[in-house]
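Here is the structure we will look at, set down as structure tokens.
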Amino acid sequence: MSRPMHLTPDHVARTFRAVPDPDDALLMGWHRLDEAEIAAAARELLAARPAGPLHVFAYGSLLWKPEFEPLASRRGHVDGWHRSFCIELTTWRGTPEAPGLMMALLPGGRCTGLVQEVPEAAVVPVTEALIARETPFRELLEARRWLDVQTAEGHLRALTFYAPPVGEELRTDLTAEATARMIARACGHAGSNAEYLHETLKALGAHGIRDGRLWRLQKLVAAELDRMG
């Protein structure tokens with residue numbers, strides 16, 4: 001049985017507040033993809049698809065809020081990458097007044113997550129749905145990668161997003177303590193940053209996966225919320 005988190009559901013509940021749903025594209029000056037552009041991006045992505053079933057490597061929100069029902073799901077790890085709260089958010093799970101942070105994969109270390117197999121009949125709609133969710137703006141389309149993943153059944157290639165991340169707001173300068181302070185205060189129309197961290201750790205624990213960086217971070221976020229009252 002996994003250890004209980006310091007960051008409790010009560011902590012998370014205290015981080016929610018009502019935030020209007022902004023026009024993300026207007027706020028950031030980006031260009032939202034239309035349906036035709038999403039379909040074209042999916043065709044381009046699938047043209048580079050490795051042989052065999054389409055696999056998606058889930059390491060963050062796709063663990064606990066998947067975009068599709070996997071035909072199969074199993075643990076796997078990628079060497080040379082680690083989870084990092086490094087993408088600054090002024091919308092979605094943050095605001096300009098209290099920016100949040102989204103996870104991405106940065107070079108170095110090892111990341112263990114889930115390899116989710118896409119049913120063959122659903123490859124095109126699932127790919128389009130993933131693009132619409134993960135990279136909905138033209139400026140983000142390159143934030144995807146085919147990764148080499150090691151599983152108990154052997155090696156495979158899997159699609160993942162934000163490895164490495166793209167954009168101008170990468171916060172690789174933050175200490176763990178500074179990251180915790182931002183996460184504890186950030187909430188947007190899609191929910192709070194603390195919820196994002198809590199749900200990710202809960203999903204990892206359910207699959208027997210431990211991430212030492214995230215475990216330390218949730219402890220720091222809980223302590224910050226306790227200090228804030």
Side-chain angles (χ1 to χ4, degrees), residues 19-50 53-71 78 81 83-96 99-106 111 113-147 149 157-172 186-193 195-196 199-200:
V19 178
D21 187 349
D23 185 332
D24 294 354
L26 182 63
L27 182 64
M28 296 181 289
W30 287 355
H31 303 86
R32 186 177 291 278
L33 299 173
D34 59 27
E35 290 185 6
E37 290 172 314
I38 290 171
R43 287 194 298 271
E44 179 183 352
L45 184 58
L46 291 173
R49 170 188 170 183
L54 175 61
H55 293 101
V56 176
F57 181 69
Y59 62 90
S61 63
L62 285 173
L63 292 169
W64 51 274
K65 195 177 180 182
E67 194 59 48
F68 63 97
E69 185 66 35
L71 185 64
V78 291
W81 298 93
R83 294 178 182 84
S84 175
F85 277 89
C86 63
I87 301 177
E88 186 166 307
L89 298 175
T90 55
T91 181
W92 199 246
R93 290 187 183 271
T95 62
L101 294 165
M102 187 177 85
M103 270 193 297
L105 294 182
L106 290 183
C111 178
L114 291 185
V115 178
Q116 301 169 337
E117 183 178 336
V118 181
E120 190 59 36
V123 161
V124 172
V126 164
T127 303
E128 291 179 350
L130 286 168
I131 289 170
R133 166 177 164 167
E134 298 293 328
T135 57
F137 303 105
R138 295 176 196 166
E139 291 78 4
L140 295 177
L141 273 177
E142 298 306 312
R144 63 197 190 200
R145 191 182 189 97
W146 296 99
L147 289 177
V149 186
R157 297 273 286 174
L159 173 66
T160 199
F161 293 88
Y162 299 99
V166 298
E168 300 177 357
E169 303 298 331
L170 299 186
R171 298 303 309 270
T172 57
C187 184
H189 68 280
S192 75
N193 233 184
E195 177 195 33
Y196 177 43
E199 292 295 331
T200 300

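- Between the side chains of H31 and E139, at least one donor N or O lies within less than 3.5 Å of an accepting N or O.
- Side-chain atoms of E37 come within 3.5 Å of backbone N or O of D34 as a donor-acceptor pair.
- In this structure, K65 and R133 have side chains that are in contact, with non-hydrogen atoms separated by less than 4.5 Å.
- The CE atom of M102 sits 10.0 Å away from the CG atom of L170 when rounded to the nearest 0.5 Å.
- Proximity of W92 to H189: side-chain heavy atoms (C-beta onward) are separated by under 4.5 Å at one or more points.
- Listed for the Q116 side chain is a donor-acceptor partner under 3.5 Å among the backbone atoms of L62.
- Between A129 and E67, the shortest heavy-atom distance links the atoms CB-CG, 3.7 Å.
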message: Run V123 and F68 through side chain to side chain contact (heavy atoms under 4.5 Å, CB included) and show every step you take.
response: CA-CA 10 Å; V123 161; F68 63 97; over 6 Å; no

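- The structure places CH2 of W81 at 10.5 Å from SG of C111, a figure rounded to the nearest 0.5 Å.
- In this structure, the side chains of L114 and L63 come closer than 4.5 Å at one or more pairs of heavy atoms.
- At a threshold of 4.5 Å between non-hydrogen side-chain atoms, the residues V118 and L71 do not count as touching.
- F57 and F161 have their aromatic ring centers separated by at least 6.0 angstrom.
- In terms of heavy-atom proximity, I87 sits nearest to A104 at CD1-CB, 3.9 Å.
- Taking CG of L147 as the start and NE2 of H55 as the end, the distance is 13.5 Å to the nearest 0.5 Å.
- Under the 3.5 Å distance criterion, the side-chain polar atoms of Y162 are left unmatched by any main-chain donor or acceptor of L106.
- Counting only heavy atoms from C-beta outward, the side chains of P164 and R145 approach each other to under 4.5 Å.
- The CG atom of L159 sits 11.0 Å away from atom CZ of R49, with the distance rounded to the nearest 0.5 Å.
- Contact of the L101 side chain with the N193 side chain is registered, since non-hydrogen atoms from C-beta on lie closer than 4.5 Å.
- For the residue pair G188 and V19, the shortest heavy atom distance occurs at C-CB, 3.7 Å.
- Between S61 and R93, the side chains place no donor N or O within less than 3.5 Å of an acceptor N or O (distance only, hydrogens not considered).
- Between W30 and F137, the ring-plane angle classifies as perpendicular under the 30° and 60° cut-offs.
- With a 4.5 Å cut-off on side-chain heavy atoms, L105 and R83 count as touching.
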task: Dump the intermediate steps for side chain to side chain contact (heavy atoms under 4.5 Å, CB included) on R157 and V149, then the final yes or no.
output: CA-CA 6 Å; R157 297 273 286 174; V149 186; over 6 Å; no

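- Atom OG1 of residue T135 and atom CG of residue L130 lie 8.5 Å apart, to the nearest 0.5 angstrom.
- The shortest non-hydrogen separation linking P22 to T91 is CG-OG1, 3.2 Å.
- The pair E134-R144 does not meet the salt-bridge criterion, since no charged nitrogen lies less than 4.0 angstrom from a carboxylate oxygen.
- Atom OG1 of T127 is separated from atom CG of L46 by 4.0 Å, given to the nearest 0.5 angstrom.
- With contacts defined as side-chain heavy-atom distances shorter than 4.5 Å, the pair E117/P70 does not qualify.
- The nearest pair of heavy atoms linking G94 to A186 is CA-CB, 4.5 Å.
- Heavy-atom minimum distance, L141 versus A41: CD2-CB, 3.9 Å.
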